[in-house]
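What follows is a short report on a single structure.
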Amino acid sequence: MANAKQPRVVVVTRRTEYEELLVRHATREQARFFLDSRGLSIDTVEARHHVMQRALQQVSESVPLRWRRARAERSDLSRFVFEPEDFVVAVGQDGLVANVAKYLTGQPVIGINPDPDEYQGVLVPHPAAAAGKLLAACASGHP
């Protein structure tokens, strides 16, 4: 692949509940107050956010150093330009995989489940730790 264009890995996510709360309430303490007033805990929301962040870190670390990288949020997919040689890694729930597939024209999609205890689905069957092997399989033409 020395002369060929290196593949690009596009990691697609959506904002976590914690990130959404920060957008809406501006600070962690305001978000905590909002959740407390509804009998909910910010600790649970933060824990799920950290699980997602760890999964994204594992996926990022599994991408070969020479490969190009991009990140897209679900809300930006309609404006994101996918390239023919992209490998798309959707980290989240089944709905994210289905949503991203609408914008692709033959690029492989790897569904990564950041938290199998929280999410169950058929389109995100892989743990984050499997991303490296799955990307290697895509690169070799055996997805």
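Because the structure is a prediction, the values reported are computed rather than measured. Computed from heavy atoms alone, side chains included, the values below leave out hydrogens, waters and symmetry copies.
Summarising the geometry of Pro114 relative to Val91, their closest heavy-atom pair is CB-CG1, 4.1 Å, with the distance given to 0.1 Å. A pairwise comparison of heavy atoms in Val10 and Asp86 identifies CG2-OD2, 3.6 Å as the closest pair. In this structure, Ala131 and Ser62 approach most closely via the heavy-atom pair CB-OG, 3.3 Å. Of all the heavy atoms in Asp36 and Leu40, the pair that sits closest is OD1-O, 3.4 Å. What you find for Thr16 and Glu19 is that their closest heavy atoms are N-OE1, 2.8 Å. Taking each heavy atom of Ile110 and Cys138 in turn, the nearest pair found is CD1-SG, 4.0 Å.
Going from atom CG of Leu96 over to atom CG of Leu77 covers 7.0 Å, rounded to the nearest 0.5 Å. Distance check: Glu17 CD to Leu22 CG gives 11.0 Å after rounding to the nearest 0.5 Å. Taking CG of Leu35 as the start and OG1 of Thr44 as the end, the distance is 9.0 Å to the nearest 0.5 Å.
Taking 4.5 Å as the limit, some side-chain heavy atom of Met52 sits within range of a side-chain heavy atom of Leu56. Using a 4.5 Å heavy-atom threshold, the side chains of Thr13 and Arg71 count as touching. Arg69 has its side chain out of reach of Val11: every pair of non-hydrogen atoms, C-beta onward, lies at least 4.5 Å apart. In this structure, Trp67 and Leu135 have side chains that are in contact, with non-hydrogen atoms separated by less than 4.5 Å.
The side-chain contact (heavy atoms from CB on, under 4.5 Å) test applied to Val124 returns Asp94, Val97, Asn113, not counting sequence neighbours. Taking Glu61 as the reference, nothing meets the salt bridge (Lys or Arg N to Asp or Glu O under 4.0 Å) condition, with sequence neighbours excluded.
A continuous path of ILVMFWY side-chain contacts below 4.5 Å connects Phe80 to Val88, so both sit in one hydrophobic cluster. No path of Ile, Leu, Val, Met, Phe, Trp and Tyr side chains, each step under 4.5 Å between heavy atoms, connects Val51 with Val45, placing them in separate hydrophobic clusters. The cluster map of Ile, Leu, Val, Met, Phe, Trp and Tyr, joined by side-chain heavy atoms under 4.5 Å apart, puts Val81 and Val89 in different clusters. Linking Ile, Leu, Val, Met, Phe, Trp and Tyr residues whenever their side-chain heavy atoms come within less than 4.5 Å leaves Phe82 and Phe87 in two separate clusters.
By the 6.0 Å contact criterion, CZ on Phe33 is open, its count of non-hydrogen atoms from other residues, nucleotides or ligands being 12 or less.
Screening Arg8, Gln107, Arg68, Gln6 for a side chain to side chain donor-acceptor pair (under 3.5 Å) involving Glu85 leaves a single residue, Arg68.
Looking at Gln120, its side chain never comes within 3.5 Å of a backbone N or O of Glu118 through a donor-acceptor pair.
Among residues at least two apart or in separate chains, side-chain hydrogen bond (donor to acceptor under 3.5 Å, both in side chains) pairs with a member in residues 20-30 are Arg28-Glu46, Glu29-Arg32.
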